Protein chains: 2
Amino acid sequence: MTFDEFQQLVRFSIQDIYRETFAENRESIRVKKEKTAVKNLGLIFDATLHISNNKGFRSMTMRDLSRESGLSMGALYAYFSSKDKLLEMLQHQRRTVTRRILKERINAETDPTAKLRTAIQTHLYLSEVMQPWFYFSYMEAKNLKNSEGQKAIASELYTEKIIEEILKQGKDKGVFEISDQQLTASIIKAMIQDWYLKRWKYAKRNVSVDRYARLVLEFVEAFCLKNHVSEGTLL
Amino acid sequence: MTFDEFQQLVRFSIQDIYRETFAENRESIRVKKEKTAVKNLGLIFDATLHISNNKGFRSMTMRDLSRESGLSMGALYAYFSSKDKLLEMLQHQRRTVTRRILKERINAETDPTAKLRTAIQTHLYLSEVMQPWFYFSYMEAKNLKNSEGQKAIASELYTEKIIEEILKQGKDKGVFEISDQQLTASIIKAMIQDWYLKRWKYAKRNVSVDRYARLVLEFVEAFCLKNHVSEGTLL
DNA sequence: GTCTATATACGGATAGAC
DNA sequence: GTCTATCCGTATATAGAC
């Protein structure tokens, strides 16, 4: 699977996220006309991610957000009740979408090597489409209050657990040779995360997501595959 | 080299950092008695790292810092002229120490495999001793203003460059088999960083830094070493 | 539905006593 | 060298006009 194929296959757009957000928050959002609401949620989210990812969510003032989104302070509060709620909404949407698509794609595969490859690629491709969201989620996770903070931790462990399970299956079937699935899964996750955490670096160097994915897979393959012969088996 | 050996070998303590900070900022620090100043810088840095790493530097108020450090607001400003300057001091010290020790340890080795092993271990061990500092540096990098922001980026690229150079040497000597040193170095760096970025996770699971280092080395070895035979060569 | 204007509080920084 | 008290700008959030 390449990034292009992924996009054709999954066919989801950031627009869908705005629509979904509106649907899930009909009660609290004071604007009732869907078309307006979805459009403005888009402006708000885009502006929030843009400003926050440059100087931090806490440093972004409501005046900043008002200026960049083109909506007045008053109008902004028709979409969320507080700045913290806005943070929660962004975090929630990112989590929901990730889980749904990851699950969907991995379940489409059967054998461990294919599952592992798909998990890694899908996660990378997803983070490519939603890079600002993933970066934001990671960087602002610790700024969340209690219950939301718990969800952020759970989310971090969620994808790791998925990889761990796949490694375990492969080990049981005798395909993988690993001593510690959990730690191995953690490290694989770290490699995946670097893609959206250091996006600026890779962009500057013209490293495409496909090239990055290939190298991660080569790394993982070299480490996990039994009787690994140079390359190709996992790719 | 194990973590214990590293500590014996390097013999540096966080106390040294406080002393160094005082020495480098004699002019701007209004407190002139070394003993008092070093003690209070310790209290200030510890409190800043503790609070910031839990809810972000921007969210930490001077009142928070005053409470946790045990110094009054007025006293705090005898050690730095503004909250931003405090951020800069922390970033600067972390960078300086890292560079000095990394350079020192790597230059002590000659052949590429030993250099690579030492680079990875030293970085991990350093980040173990100074975990709060490394975490802070990473998370607050984007909150820095222009010139300091540039330094943060340069610092990110610095260690990566070190690894890249080692990989290149090894490739030239025919020891490593890698197609893209730069991207490989990036990924190795990502694995190293995960150790201090997800410290809470590894602590909870009782993963020691030695165990983590071993796995990273196994990963790297599996990928880089020519005619890799199961294990042992790089370890 | 969206705007402007403003209430209210909180944060960084300092003055001046001890 | 350190403290308390306070100044003043700025931030979030809302009231009320349009």
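Just so it is clear, the model here is predicted, and its values are computed rather than measured. Naming convention: chains lettered A, B, ... in sequence-line order (proteins, then strands); numbering from 1 in each chain.
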Between the protein and nucleotides 2-4 of chain D, list every N/O to N/O distance that falls short of 3.5 Å.
{"from": "dT2(D)", "atom 1": "OP1", "to": "N40(B)", "atom 2": "ND2", "distance (Å)": "3.0"}
{"from": "dT2(D)", "atom 1": "OP2", "to": "Y79(B)", "atom 2": "OH", "distance (Å)": "3.0"}
{"from": "dC3(D)", "atom 1": "OP2", "to": "S72(B)", "atom 2": "N", "distance (Å)": "2.8"}
{"from": "dC3(D)", "atom 1": "OP2", "to": "S72(B)", "atom 2": "OG", "distance (Å)": "2.8"}

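Atoms CG (L87(B)) and P (dA13(C)) sit 12 Å apart, rounded to a whole Å. Across the protein-nucleic acid pair, K83(A) atom NZ and dT14(D) atom P stand 15 Å apart, rounded to whole Å. Straight-line distance from the CD1 atom of I51(B) to the C1' atom of dG12(C): 15 Å, rounded to whole Å.
Remark: the backbone N or O of S13(B) is paired with a side-chain donor or acceptor of D16(B) at under 3.5 angstrom. Checking side-chain atoms of Q7(B) against main-chain N and O of D4(B) turns up no donor-acceptor pair under 3.5 Å. Checked by atom type and distance alone, the side chain of K189(A) pairs as donor or acceptor with a backbone atom of E156(A) at under 3.5 Å.
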Hey, can you pull the donor-acceptor pairs under 3.5 Å for the side chains in residues 122-135 of chain A, sequence neighbours left out?
{"from": "T122(A)", "atom 1": "OG1", "to": "T118(A)", "atom 2": "O", "distance (Å)": "2.6"}
{"from": "Y125(A)", "atom 1": "OH", "to": "M1(A)", "atom 2": "O", "distance (Å)": "3.1"}
{"from": "Y125(A)", "atom 1": "OH", "to": "D210(A)", "atom 2": "OD1", "distance (Å)": "2.7"}
{"from": "S127(A)", "atom 1": "OG", "to": "H123(A)", "atom 2": "O", "distance (Å)": "3.4"}
{"from": "S127(A)", "atom 1": "OG", "to": "L124(A)", "atom 2": "O", "distance (Å)": "2.8"}
{"from": "E128(A)", "atom 1": "OE1", "to": "W195(A)", "atom 2": "NE1", "distance (Å)": "2.9"}
{"from": "E128(A)", "atom 1": "OE1", "to": "R199(A)", "atom 2": "NE", "distance (Å)": "3.1"}
{"from": "E128(A)", "atom 1": "OE1", "to": "R199(A)", "atom 2": "NH2", "distance (Å)": "3.3"}
{"from": "E128(A)", "atom 1": "OE2", "to": "R199(A)", "atom 2": "NH2", "distance (Å)": "2.9"}
{"from": "Q131(A)", "atom 1": "NE2", "to": "Y196(A)", "atom 2": "O", "distance (Å)": "2.8"}

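Atom CG of N107(B) has more than 12 heavy atoms from other residues, nucleotides or ligands within 6.0 Å.
Of the candidates E148(B), E24(B), K151(B), H92(B) forms a side chain to side chain donor-acceptor pair (under 3.5 Å) with just one, namely E24(B).
Side chains of S137(B) and R94(B): a donor-acceptor N/O pair is present below 3.5 angstrom, by distance only.
Listed in residue order, the members of residues 56-67 of chain B having a heavy atom less than 4.0 Å from DNA chain D are R63(B).
Contact check, Y77(B) against dT14(C): no side-chain N or O comes under 4.0 Å of OP1 or OP2.
Below 30°, between 30° and 60°, or above 60°: for F80(A) and Y77(A) the angle between ring planes is between 30° and 60°, a tilted geometry.
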